[in-house]
S.K.: 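Below is the structure I would like to discuss, written out as structure tokens.
Numbered from 1 within each chain, the chains take letters A, B, ... in sequence-line order.
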Protein chains: 2
Amino acid sequence: MDAGQVAQVRRFNRLVTRRVGALEVNHLRRGRPLGEARLLFETGTEGAELRALRDRLRLDPGYLSRLLRSLEAQGLVTVESGNADRRRRCVRLTKEGRAELAAYDRLSDELAASMLKPLGAAQRERLLAAMAEIECLIRTAEIELCVVSPKSAAARRCLCAYFRELAARFEGGFDAGEGDPKLEREMTPPNGCFVLARIDGRAVGCGGLRRIGERTGEIKRMWTAPEARGRGVARRVLHELEALAREAGLNTLRLDTNRVLVEARAMYRREGYREIARYNRNPYAHHWFEKKLEPTA
Amino acid sequence: MDAGQVAQVRRFNRLVTRRVGALEVNHLRRGRPLGEARLLFETGTEGAELRALRDRLRLDPGYLSRLLRSLEAQGLVTVESGNADRRRRCVRLTKEGRAELAAYDRLSDELAASMLKPLGAAQRERLLAAMAEIECLIRTAEIELCVVSPKSAAARRCLCAYFRELAARFEGGFDAGEGDPKLEREMTPPNGCFVLARIDGRAVGCGGLRRIGERTGEIKRMWTAPEARGRGVARRVLHELEALAREAGLNTLRLDTNRVLVEARAMYRREGYREIARYNRNPYAHHWFEKKLEPTA
DNA sequence: TCCATTCTCTGACTTTAGTCAGAGATATCG
DNA sequence: CGATATCTCTGACTAAAGTCAGAGAATGGA
């Protein structure tokens with residue numbers, strides 16, 4: 001990554017925190033301390049658990065409590081204990097609180113509109129397109145990867161969604177039953193591993209690795225949630241699996257894929273996988289790939 | 001401007017202040033109050049006048065003074081009176097201050113790099129392109145227009161730059177002498193007006209309007225500073241002049257231009273000016289344009 | 001049932017941020 | 001020269017943001 005690129009990002013960060021950030025801070029408080037305004041905003045019409053608010057806004061429990069007392073005193077929110085766990089309390093907006101929130105909403109709209117107003121129609125389109133692009137890419141950059149057991153709840157959800165998708169897309173359908181217990185065992189250490197991709201805590205993709213030879217591994221169960229496609233989730237998962245494979249001393253990775261999964265095939269090619277002859281008996285596979293891993297990442 | 005566009009801008013603002021803003025604030029303070037960090041940063045290796053710092057950071061004189069005392073106590077800056085006007089004092093970084101600033105610089109670089117790192121090469125390119133686009137458009141949106149006298153200092157500077165540019169670009173050169181006093185008089189109320197475009201307080205473009213008939217006006221002296229081109233400065237100035245013309249009851253605008261000013265010609269066409277036959281004796285003109293103004297903007 | 005844990009609240013802080021009214025030094029204008 | 005304005009500094013504030021320790025209620029597991 002060269003210095004020019006870094007400089008561009010810095011210029012952008014600077015501009016955007018200056019202009020957008022400063023405007024937000026000054027406009028969106030409505031004569032209220034920023035902390036309270038943010039809290040009101042983050043509570044939303046739905047209400048929220050204190051715990052969630054503390055995590056999202058990174059607030060000290062004491063501080064949060066005090067802010068809530070203040071909002072309560074203003075008649076904007078009520079706090080009551082949750083019904084499942086009575087330690088966890090929930091905030092809800094009162095009618096007045098919802099009115100306040102609506103006012104913030106209007107302000108926020110005005111602020112956004114004021115960024116567009118001075119521009120011509122073509123420039124607006126360009127601005128919006130660029131914003132969408134950045135939004136998408138920043139979220140991509142925020143994909144978190146972690147190694148989990150394929151039996152964990154999140155992993156199971158991903159695998160089920162994956163199987164459902166295969167059943168819908170494969171020409172002859174796909175029957176995974178309850179998955180493949182043997183494969184799942186092989187995707188846990190020491191024989192392999194299973195990687196989950198998360199965005200904002202939500203699982204949006206997965207992929208597994210199992211050893212199939214002395215120094216050969218196989219990639220299985222690569223999947224990306226439909227709402228997260230086009231953000232490089234699969235690519236990141238694949239890189240992670242490759243890194244783990246290298247750590248495990250493997251020098252070759254193989255994988256197979258069905259002919260209807262065109263995007264997947266293109267991705268594997270981009271990532272340096274070469275098509276090879278059939279190496280297994282998977283009845284659903286039409287293409288087989290292999291990549292030699294270089295020892296240093 | 002439709003609701004979807006506003007929503008996109010809001011999403012973007014939110015994302016960006018959250019991610020970029022929060023990171024900046026937390027990373028770039030190095031155990032120092034944010035105020036001091038910003039001040040150190042804004043002072044820069046060059047040093048700066050207190051006055052300039054106060055304007056840029058919007059600080060109360062008392063507050064600024066106290067922040068400086070604190071930085072002085074830490075041995076990071078020295079404050080001394082300017083030599084021209086001894087009321088105006090200047091801050092300079094000490095050696096330690098420069099080291100601190102360099103550390104901030106490195107942090108800032110790391111922060112930027114961390115946004116790029118998780119992305120692939122193609123995605124990086126896309127991100128950078130989108131950032132450049134937004135930077136450019138936000139700056140465009142920040143162009144301030146104001147009606148000034150063509151005799152004001154800022155206007156004179158623009159006009160001089162304009163004349164110099166014409167002299168350099170016109171095939172046979174251009175001799176404006178001291179400008180055209182008669183034209184300048186006509187570009188002031190009630191016969192016309194002169195509009196200046198500023199970005200961050202710096203004049204970056206201008207344009208004038210004078211009445212040449214009962215309900216006909218003429219656009220003159222349209223110019224954009226080289227460093228601000230491609231941001232729609234001229235378009236905004238032109239729109240402003242058109243609005244002022246409409247207010248003054250004009251229904252037709254004319255203008256002429258030299259054949260070497262290709263960009264200008266393209267811009268006039270885009271803005272609805274049709275090429276017409278010669279309507280004046282300007283020896284430097286090769287193209288003549290006209291636009292009918294609709295009564296409502 | 002008891003013990004450790006989790007969650008929220010309160011009180012008692014500290015630090016930052018920001019404001020305001022003078023005072024004193026310096027410059028500018030008539 | 002004197003009057004006025006500009007610029008910075010100091011002291012005396014207030015408000016907001018953030019921290020910390022401890023108490024009390026609720027929960028979960030041994």
Side-chain angles (χ1 to χ4, degrees), chain A residues 17-18 21-43 47-74 76-92, chain B residues 17-18 21-43 47-74 76-92:
Chain A
T17 47
R18 277 290 195 90
L23 281 178
E24 294 245 303
V25 164
N26 294 325
H27 271 146
L28 300 183
R29 44 202 303 180
R30 297 187 28 89
R32 207 184 304 285
L34 192 58
E36 290 181 15
R38 288 205 305 157
L39 189 50
L40 208 53
F41 200 86
E42 205 62 40
T43 300
E49 288 196 349
L50 295 208
R51 187 57 216 250
L53 289 173
R54 254 173 44 210
D55 289 348
R56 260 182 284 168
L57 297 171
R58 306 267 160 101
L59 292 174
D60 171 272
Y63 189 25
L64 173 61
S65 185
R66 225 174 308 279
L67 288 174
L68 284 173
R69 286 306 82 70
S70 166
L71 289 176
E72 256 180 340
Q74 294 168 58
L76 300 175
V77 306
T78 56
V79 182
E80 62 217 18
S81 290
N83 20 15
D85 182 337
R86 301 223 332 271
R87 289 169 307 182
R88 305 194 148 213
R89 308 194 67 201
C90 295
V91 209
R92 289 191 186 292
Chain B
T17 48
R18 276 291 197 90
L23 281 179
E24 294 247 301
V25 165
N26 294 324
H27 271 150
L28 300 183
R29 44 201 301 181
R30 298 191 22 93
R32 208 185 303 285
L34 192 58
E36 290 181 13
R38 289 204 305 157
L39 188 50
L40 207 53
F41 200 85
E42 206 63 38
T43 300
E49 287 196 349
L50 295 209
R51 187 58 216 249
L53 289 173
R54 255 173 43 211
D55 289 348
R56 260 184 282 167
L57 295 171
R58 307 265 160 101
L59 293 174
D60 171 273
Y63 188 24
L64 173 61
S65 183
R66 224 173 307 277
L67 288 175
L68 285 173
R69 287 306 80 73
S70 165
L71 290 176
E72 255 179 341
Q74 293 167 60
L76 300 175
V77 305
T78 57
V79 182
E80 62 217 18
S81 290
N83 20 15
D85 182 337
R86 302 226 328 274
R87 290 169 307 181
R88 305 194 150 213
R89 309 193 68 201
C90 296
V91 210
R92 290 194 184 290

S.K.: What residues, two or more places apart in sequence or in another chain, satisfy side-chain hydrogen bond (donor to acceptor under 3.5 Å, both in side chains) together with B:Asp85?
M.R.: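 side-chain hydrogen bond (donor to acceptor under 3.5 Å, both in side chains) list for B:Asp85, sorted by chain: B:Arg87.
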
S.K.: Just list the side-chain donor-acceptor pairs under 3.5 Å for residues 47-56 of chain B, sequence neighbours left out, or say none.
M.R.:
from: B:Glu49; atom 1: OE1; to: B:Arg88; atom 2: NH1; distance (Å): 3.1
from: B:Arg56; atom 1: NH1; to: B:Glu42; atom 2: OE2; distance (Å): 3.0

S.K.: Treating primed atoms plus P, OP1 and OP2 as sugar-phosphate and everything else as base, which nucleotides of nucleotides 14-19 of chain C get B, S or - for protein heavy atoms under 4.0 Å?
M.R.: --SSBB

S.K.: Using the 3.5 Å cut-off, write out each protein N or O paired with an N or O of nucleotides 27-30 of chain C and the distance between them.
M.R.:
from: C:dA27; atom 1: OP1; to: B:Arg86; atom 2: N; distance (Å): 2.9

S.K.: Going from OG1 on B:Thr43 to CG on B:Leu68, what distance comes out if it is rounded to the nearest 0.5 angstrom?
M.R.: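 B:Thr43 atom OG1 to B:Leu68 atom CG measures 7.0 Å (nearest 0.5 Å).
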
S.K.: Applying side-chain hydrogen bond (donor to acceptor under 3.5 Å, both in side chains), can you list everything that pairs with A:Ser65, at least two apart in sequence or on another chain?
M.R.: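 A:Ser65: side-chain hydrogen bond (donor to acceptor under 3.5 Å, both in side chains) contacts with A:Arg69.
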
S.K.: On DNA chain D, reading 5' to 3', which nucleotide is the first and which the last to sit with an atom under 4.0 Å from a heavy atom of chain A, could you check?
M.R.: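 Span of nucleotides near chain A: D:dA16 to D:dT27.
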
S.K.: Excluding sequence neighbours, so at least two apart, what forms side-chain hydrogen bond (donor to acceptor under 3.5 Å, both in side chains) with A:Ser70?
M.R.: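 If we apply the side-chain hydrogen bond (donor to acceptor under 3.5 Å, both in side chains) test to A:Ser70, skipping adjacent residues, the hits are A:Glu36, A:Gln74.
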
S.K.: Using every non-hydrogen atom in the two residues, find where A:Arg89 and A:Val79 come nearest and quote the distance to one decimal.
M.R.: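 That closest heavy-atom pairing would be NH2-O, 3.4 Å.
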
S.K.: Just to verify, what does B:Arg86 make a salt bridge (charged side-chain N to carboxylate O under 4.0 Å, His left out) with, not counting sequence neighbours?
M.R.: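 Checked B:Arg86 against salt bridge (charged side-chain N to carboxylate O under 4.0 Å, His left out); zero matches.
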
S.K.: List in chain and number order the residues that pass salt bridge (charged side-chain N to carboxylate O under 4.0 Å, His left out) with A:Arg32, two or more places apart in sequence or in another chain; answer none if no residue qualifies.
M.R.: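 Listed in chain order: A:Glu100.
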
S.K.: A:Tyr63: what forms a side-chain contact (heavy atoms from CB on, under 4.5 Å) with it, not counting sequence neighbours?
M.R.: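 Expected list: A:Leu59, A:Asp60, A:Leu67.
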
S.K.: Mind checking side-chain hydrogen bond (donor to acceptor under 3.5 Å, both in side chains) for B:Thr78 and listing every partner two or more places apart, or none if nothing turns up?
M.R.: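 Partners of B:Thr78 under the side-chain hydrogen bond (donor to acceptor under 3.5 Å, both in side chains) test: none.
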
